[in-house]
Amino acid sequence: MASPSIPAALRHPHAHAAGLRLLRSSGDPCPPCTLPFRLCGVPLKKGHVYAGAVSATRSPGLGNAENLRESPSLSRSWGMNGQIGDDHDILIECRDVHKSFGNKKVLNGISFKIRHGEAVGIIGPSGTGKSTVLKVMAGLLAPDKGDVIICGRKRHGLVSDEDISGVRIGLVFQSAALFDSLTVRENVGFLLYENSSLPEERIATLVTETLAAVGLKGVEDRMPSELSGGMKKRVALARSIIYDDTKETIEPEVILYDEPTAGLDPIASTVVEDLIRSVHVTGKDALGKPGKIASYVVVTHQHSTIKRAVDRLLFLHEGKVVWEGMTQEFTTSTNPIVKQFASGSLDGPIRYF
Ligand SMILES: Nc1ncnc2c1ncn2[C@@H]1O[C@H](COP(=O)(O)OP(=O)(O)OP(=O)(O)O)[C@@H](O)[C@H]1O
């Protein structure tokens with residue numbers, strides 16, 4: 001397999017400062033925020049969560065304990081359907097999280113837990129804070145107030161090199177957020193090219209295998225502009241699930257998908273929904289291997305995605321979780337907000353104007 005060509009002369013200055021090999025132009029999206037590098041001003045560090053990839057974190061208890069401290073009140077909690085849940089299986093918890101942009105209050109005391117093995121959907125009216133909550137969970141935005149607790153430890157501020165959480169968190173952006181000036185191979189292998197010592201031939205093999213796992217073959221040398229919207233989403237998915245298979249400790253991984261089926265036709269949506277299921281630990285990928293994603297969270301407006309890709313739902317309204325339940329309970333809920341949303345009625349407590 002030919003190794004990818006990475007023209008060193010075209011390195012982006014920010015990327016160079018961050019030790020990155022692949023970014024080529026100031027128009028490339030900054031991994032943490034997806035703005036072009038020249039606009040964002042966010043210093044990028046290795047291990048930072050980036051579009052469709054994961055934060056490189058280490059096992060609990062290793063490294064700098066300043067960033068993450070034990071949450072003393074985490075001992076037992078109420079789990080799904082009112083059962084008492086052991087807190088040892090909580091991977092991510094948002095506790096009374098608030099976030100404003102200027103005067104606009106977006107998250108208004110949001111609380112929920114994501115447990116090991118869960119497939120959770122976040123739904124709710126437009127502008128209610130769904131994407132914001134994903135970014136807070138991923139550590140790309142810091143809450144103004146409240147706690148984000150990762151594997152029992154509070155995260156302070158943004159995710160960074162020093163973060164130690166014991167869980168890897170990947171965020172697949174709505175727009176797929178591929179680097180336009182990189183090939184598919186370079187996009188999918190981005191994290192490994194930058195953060196692993198794997199030889200390029202091995203990375204190329206992993207890229208090919210991972211692309212096959214999401215149902216794509218022979219596209220490694222294409223540029224993102226040569227792909228359809230559905231293919232871009234699958235490339236972004238591949239980028240989020242590729243990993244260094246020589247690492248001894250594989251932490252549980254949580255993938256956060258922001259509207260993965262938005263803009264896709266019904267059949268392409270089904271393909272992506274099934275892929276999301278298939279990379280979960282309980283499923284099998286397109287190569288028949290067991291999935292390796294411990295849990296995932298999907299923000300979506302699509303009924304098919306709600307029904308096909310997730311088991312439990314959190315309903316956000318005005319920056320709070322106003323209802324949660326299993327997917328099959330959604331259409332029969334008597335909650336007036338949920339009823340209005342499920343039926344698409346203009347009458348009810350949700351007002352757009
Ligand atoms: N970086 C930001 N700066 C300023 N305002 C922001 C920023 N990010 C989000 N907002 C605002 O916060 C509100 C919530 O945005 P968010 O994208 O989280 O909503 P959403 O529920 O995902 O919406 P949709 O379903 O339409 O995608 C919106 O009014 C949005 O304009």
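One-based numbering, in listed order, for ligands and for the atoms of each. Scope of the values below: all heavy atoms of this structure, side chains included, with no hydrogens, waters or symmetry mates.
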| field | Residues R312, F112; criterion side-chain contact (heavy atoms from CB on, under 4.5 Å); working and verdict | value | CA-CA 12 Å; R312 185 163 77 89; F112 61 87; 5.9 Å; no
| query | Do the non-hydrogen side-chain atoms of V97 and V133 ever get within less than 4.5 Å of each other? | reply | no
| task | Report the member of K130, K105, E259 with the shortest heavy-atom distance to atom 27 (O) of ligand 1. | result | E259
| What about G129: any of its N or O atoms under 3.5 Å from an N or O on ligand 1? | yes
| request: Just go through H301, K135, H317, K104 and tell me whose heavy atom is the nearest to atom 29 (O) of ligand 1. | output: K104
| query | Using heavy atoms and a threshold below 4.0 Å, how should the contact between T132 and ligand 1 be classified: side chain, backbone, both, or neither? | reply | both
| task | Please assess S304 against S269 for the test side chain to side chain donor-acceptor pair (under 3.5 Å), listing each intermediate value before the final yes or no. | result | CA-CA 8 Å; S304 67; S269 291; 4.9 Å; no
| query | Is there a nitrogen or oxygen of G124 sitting under 3.5 Å from a nitrogen or oxygen of ligand 1? | reply | no
| message | Between H98 and N108, is there a side-chain heavy-atom distance shorter than 4.5 Å? | response | yes
| field | Test side chain to side chain donor-acceptor pair (under 3.5 Å) applied to E118 and S295, step by step | value | CA-CA 5 Å; E118 283 202 291; S295 310; over 6 Å; no
